Amino acid sequence: MQKTGHSYKLLSKIDEKFDAIVIGSGMGGLCIAALLAKEGKKILVLEQHYAVGGYTHVFKRDGYQWDVGLHYIGDVYDKNSIVRKVFDYITNGKLEWTAMDEKYDVAVFGDREFAFYKGKERCKSQLKKYFPSIKDHYSIDRYFDLLARVENVGMGYYVDKVLPSVLSKIIGSFLRQPLLKYTDRTTREVLEELTDNQELIGVLTAQYGDYGLPPAKSSFYIHAMVANHYMNGASYPVGGSSVISSTISSVIEGNGGMVLYSAEVKSILVEDNTAVGVKMKDDKIIYAPLIISDTGIKNTFLKLLDENTIRKYRLTENVECLSSSTAHVCLYIGFKKSAAQLQLPKCNYWVFSSNYNHDETQVAYQQQGDPIPVAYISFPSAKDPDWDKRYPGKSTIEIVTLVPYEWFDKWENTIWGKRGTEYTALKEQIAQQLLQKLFQIKPHLKGEIDYYELSTPLSTKTFTHNDFGEIYGLAHTPERFRNRILKPATPVKNLYLTGQDVFIAGVSGAMMGGVLCATSILKKNMLAKVKSKKHLA
Ligand SMILES: Cc1cc2nc3c(=O)[nH]c(=O)nc-3n(C[C@H](O)[C@H](O)[C@H](O)COP(=O)(O)OP(=O)(O)OC[C@H]3O[C@@H](n4cnc5c(N)ncnc54)[C@H](O)[C@@H]3O)c2cc1C
């Protein structure tokens, strides 16, 4: 596989002017870059990591390859869905998707399994089989009705994010109001109004790892968005998650732009309250009339802007009230047999303890380190029809769980590979806990493992620059959705934000952040444009 983009060193060999600089090549950065490139603008994307793609990049070790931040995605198998149309538009239709099994997620509590099936009616009727009482059937019906309602009330909220501030002050509250009644309440508050069956609540919120917060802390809105996102089934990119960044980068570069890795931006240059360029880590200055940041709102405002600008717009106060999402660890496993030989499934497993209360199990884990509250297990080589061509006779698994960053912060200033025996022992302890979860559901894999390695929040911090190794940028609490600074336009003229913090987490959430950003910059409805277009270069 050819490396996507070019090394930063290339920039010194060319003398080009760009219409816009995008800082960060995650999904949000690449999406806005491609949208602007297709509008005739010459775009420079600067990525600090040695690989392009942010959380969609892959890493390789010992002859294996793993995904870092994409295991499945909803809403793309249907060619007419909005998410699919945006993907097709920014990749010129070059990105292919493959459907996972109809049973795409399986939640395991003790010795009971609960499957999530593609299609609202199928999913609902399966849940009713697991919970056969009339009372539970009634609650399940009301739950699905509520999900459908949430899906249809978000438009005004997002329109407000792209309105000029004067107009937003006049009609913004009116536009936002219909959604706020769902964002303001926690997932647990809403579900406990529908049912007092804690087992049912535990199963309905089994995918809480997809948004990083257990039911008593998450906004019901993010829960509903994720549940709706996968309602019509889940898919995986053919060729693995790095194909996302390679196909989008081709569009950016095909339209005269450039995508550079190992290109760390040190600061954003502001003159007369206007962003005019960036200063790189090597102090090189690159000017452009438009600067867009995909690095997250906290990184952008508090690390890349100068003291005067931060003070002038009270950015610290505005941003510090927003909590960050949790950190995570991931166990990357390699096998010297194919997915078919090992009978690996085309679905994910969420393996819990026998306690259905995710809030209780999260608190217990964070305080005592045991037992693991949830292990999310993904089988990428089974999902990808292209895998066997690239890695014949091999397969991989990824297992993720949420952890507090504080468990690792004392090693912050140590060097990768040389963090000491205590660190290695902690990693090994967590790796073994995660392996036990794997063997609980797939005991035949014992003795088959060729390679494993655990990433920690310190790894995430290195490749994303997120201070606390955050899994999803800002936390999806009710307060987040009340905050009005989370929009593409910033108080600094010509400086915009894209990615998950201006929309919601997830690869398609970050991508829609890019669509919002393009709408705000170009002052035209980019979603309508994308929906109406065939994917022309
Ligand atoms: C373990 C894990 C599993 C996940 N699984 C899924 C999944 O199955 N499905 C799904 O839809 N979503 C999943 N997600 C979430 C999804 O990956 C993210 O929400 C999304 O990719 C975020 O995109 P982004 O563009 O907002 O940010 P990012 O991908 O974080 O991109 C930001 C980029 O900015 C760069 N950067 C930061 N500072 C600088 C600087 N100073 N100079 C230059 N570059 C800089 C970073 O290096 C990074 O590449 C998962 C995430 C994780 C961590």
Side-chain angles (χ1 to χ4, degrees), residues 5 8 21-33 45-57 66-76 83 100 104-105 207 209-212 225-226 229-230 234-237 241 244-245 248 259-268 278-281 292-300 303-304 325-332 348 376 378 380 383 398-402 455 457 459-467 469-474 476 497-514 517:
Y8 172 58
I21 291 172
V22 176
I23 311 169
S25 69
M27 192 64 223
L30 292 177
C31 176
I32 178 69
V45 179
L46 298 169
E47 167 57 50
Q48 61 86 24
H49 191 42
Y50 58 72
V52 168
Y55 275 127
T56 63
H57 85 271
W66 294 275
D67 298 313
V68 171
L70 180 122
H71 304 111
Y72 66 148
I73 189 158
D75 273 341
V76 285
V83 172
M100 286 167 57
Y104 60 89
D105 265 339
Q207 296 151 325
D210 282 337
Y211 44 89
M225 286 294 275
V226 168
H229 180 60
Y230 291 113
S235 300
Y236 183 82
S241 62
I244 297 179
S245 60
I248 308 174
V259 178
L260 301 181
Y261 53 82
S262 303
E264 180 176 341
V265 171
K266 192 157 82 179
S267 58
I268 295 168
V278 297
K279 185 188 254 189
M280 304 300 290
K281 194 179 170 194
I292 300 154
S293 176
D294 179 40
T295 68
I297 193 166
K298 289 195 176 186
N299 279 339
T300 309
K303 287 203 234 157
L304 296 179
S325 61
T326 175
H328 75 286
V329 292
C330 183
L331 187 66
Y332 300 97
N348 311 307
Y376 167 79
S378 172
K383 296 173 191 173
E398 291 133 10
I399 313 182
V400 181
T401 197
L402 308 174
S455 74
S459 336
T460 312
K461 184 174 174 167
T462 307
F463 78 72
T464 61
H465 273 201
N466 290 343
D467 270 350
E470 294 94 309
I471 183 167
Y472 299 128
L474 298 172
H476 292 72
L497 303 174
T498 181
Q500 60 191 348
D501 283 356
V502 295
F503 201 83
I504 54 169
V507 170
S508 54
M511 181 176 76
M512 295 313 281
C517 186

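Both counts, for ligands and for their atoms, begin at 1 and track the order of listing. What you see is a predicted model, and the numbers here were worked out from it, not measured in a lab.
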For Ala263, the ligand 1 atoms with a heavy-atom partner under 4.0 Å come out as 43 (C)
Atom indices of ligand 1 within 4.0 angstrom of Val68 heavy atoms, with elements | 1 (C), 2 (C)
In ligand 1, the atoms that come under 4.0 Å of a heavy atom of Gly499 are 26 (O)
So which of Thr326, Thr460, Thr464 actually passes side chain to side chain contact (heavy atoms under 4.5 Å, CB included) with Ile471?
-> Thr326
For ligand 1, the portion of Thr56 having any non-hydrogen atom under 4.0 Å away = neither
Where the closest heavy atom to atom 17 (O) of ligand 1 is concerned, which of Gly69, Ser25, Ala510 has it?
-> Gly69
Proximity flag Asn299 to ligand 1, non-hydrogen atoms under 4.0 Å | no
May I ask you to identify, for Gln48, whether its side chain, its backbone, both or neither come under 4.0 Å of ligand 1 on a heavy-atom basis?
-> both
Just wondering, are more than 12 heavy atoms of other shown residues or ligands nearer than 6.0 Å to NZ in Lys266?
-> yes
The side-chain hydrogen bond (donor to acceptor under 3.5 Å, both in side chains) partners of Thr295 (sequence neighbours excluded) come to Ser293, Thr300
Gly28 heavy atoms within 4.0 Å reach ligand 1 at atoms 25 (O)
Closest to atom 15 (C) of ligand 1 (judged by heavy-atom distance), picking from Tyr376, Tyr472, Tyr55 = Tyr472
For Gly54, the ligand 1 atoms with a heavy-atom partner under 4.0 Å come out as 29 (O), 31 (O), 48 (C), 49 (O)
The single option from His71, Gln207, Lys383 that satisfies side chain to side chain donor-acceptor pair (under 3.5 Å) with Asn348 is Lys383
Which atoms of ligand 1 have any heavy atom of Gly24 under 4.0 Å away?
-> 33 (C), 34 (O), 35 (C), 44 (N)
Counting N and O atoms only, with roles assigned by atom type, does the side chain of Tyr230 sit under 3.5 Å from a partner on the main chain of Tyr104, one being a donor and the other an acceptor?
-> no
So the atoms of ligand 1 within less than 4.0 Å of a heavy atom of Thr295 turn out to be 36 (N), 37 (C), 38 (N), 39 (C), 45 (C)
Measure the spacing between OH of Tyr376 and CG of Leu402 and express it to the nearest 0.5 Å.
-> 12.0 Å
Is a donor on one side and an acceptor on the other found under 3.5 Å between the side chain of Glu398 and the backbone of Asp67?
-> yes
Nearest non-hydrogen atom to atom 46 (C) of ligand 1 belongs to which of His71, Glu264, Glu47, His465?
-> Glu47
Check Leu46 against ligand 1 and report side chain, backbone, both or neither, counting heavy atoms closer than 4.0 Å.
-> backbone
From the candidates Thr401, Asp501, Asp294, the one that places a heavy atom nearest atom 32 (C) of ligand 1 | Asp294
For residues Tyr55 and Phe463, establish whether the separation of their ring centroids is below 6.0 Å.
-> yes
Yes or no on side chain to side chain contact (heavy atoms under 4.5 Å, CB included) for Asn466 and Lys298, after CA distance, side-chain angles and deciding distance?
-> CA-CA 9 Å; Asn466 290 343; Lys298 289 195 176 186; over 6 Å; no
For ligand 1, which atoms, with element, lie under 4.0 Å from some heavy atom of Ile471?
-> 51 (C), 52 (C), 53 (C)
Nearest heavy atom to atom 18 (C) of ligand 1 wins, so pick from Lys266, Gln500, His49, His328.
-> Gln500
Indicate yes or no for a side-chain donor-acceptor contact from Glu264 to the backbone of Lys281 under 3.5 Å, with no hydrogens or angles considered.
-> no
Report yes or no: does a heavy atom of Thr498 sit under 4.0 Å from some atom of ligand 1?
-> no
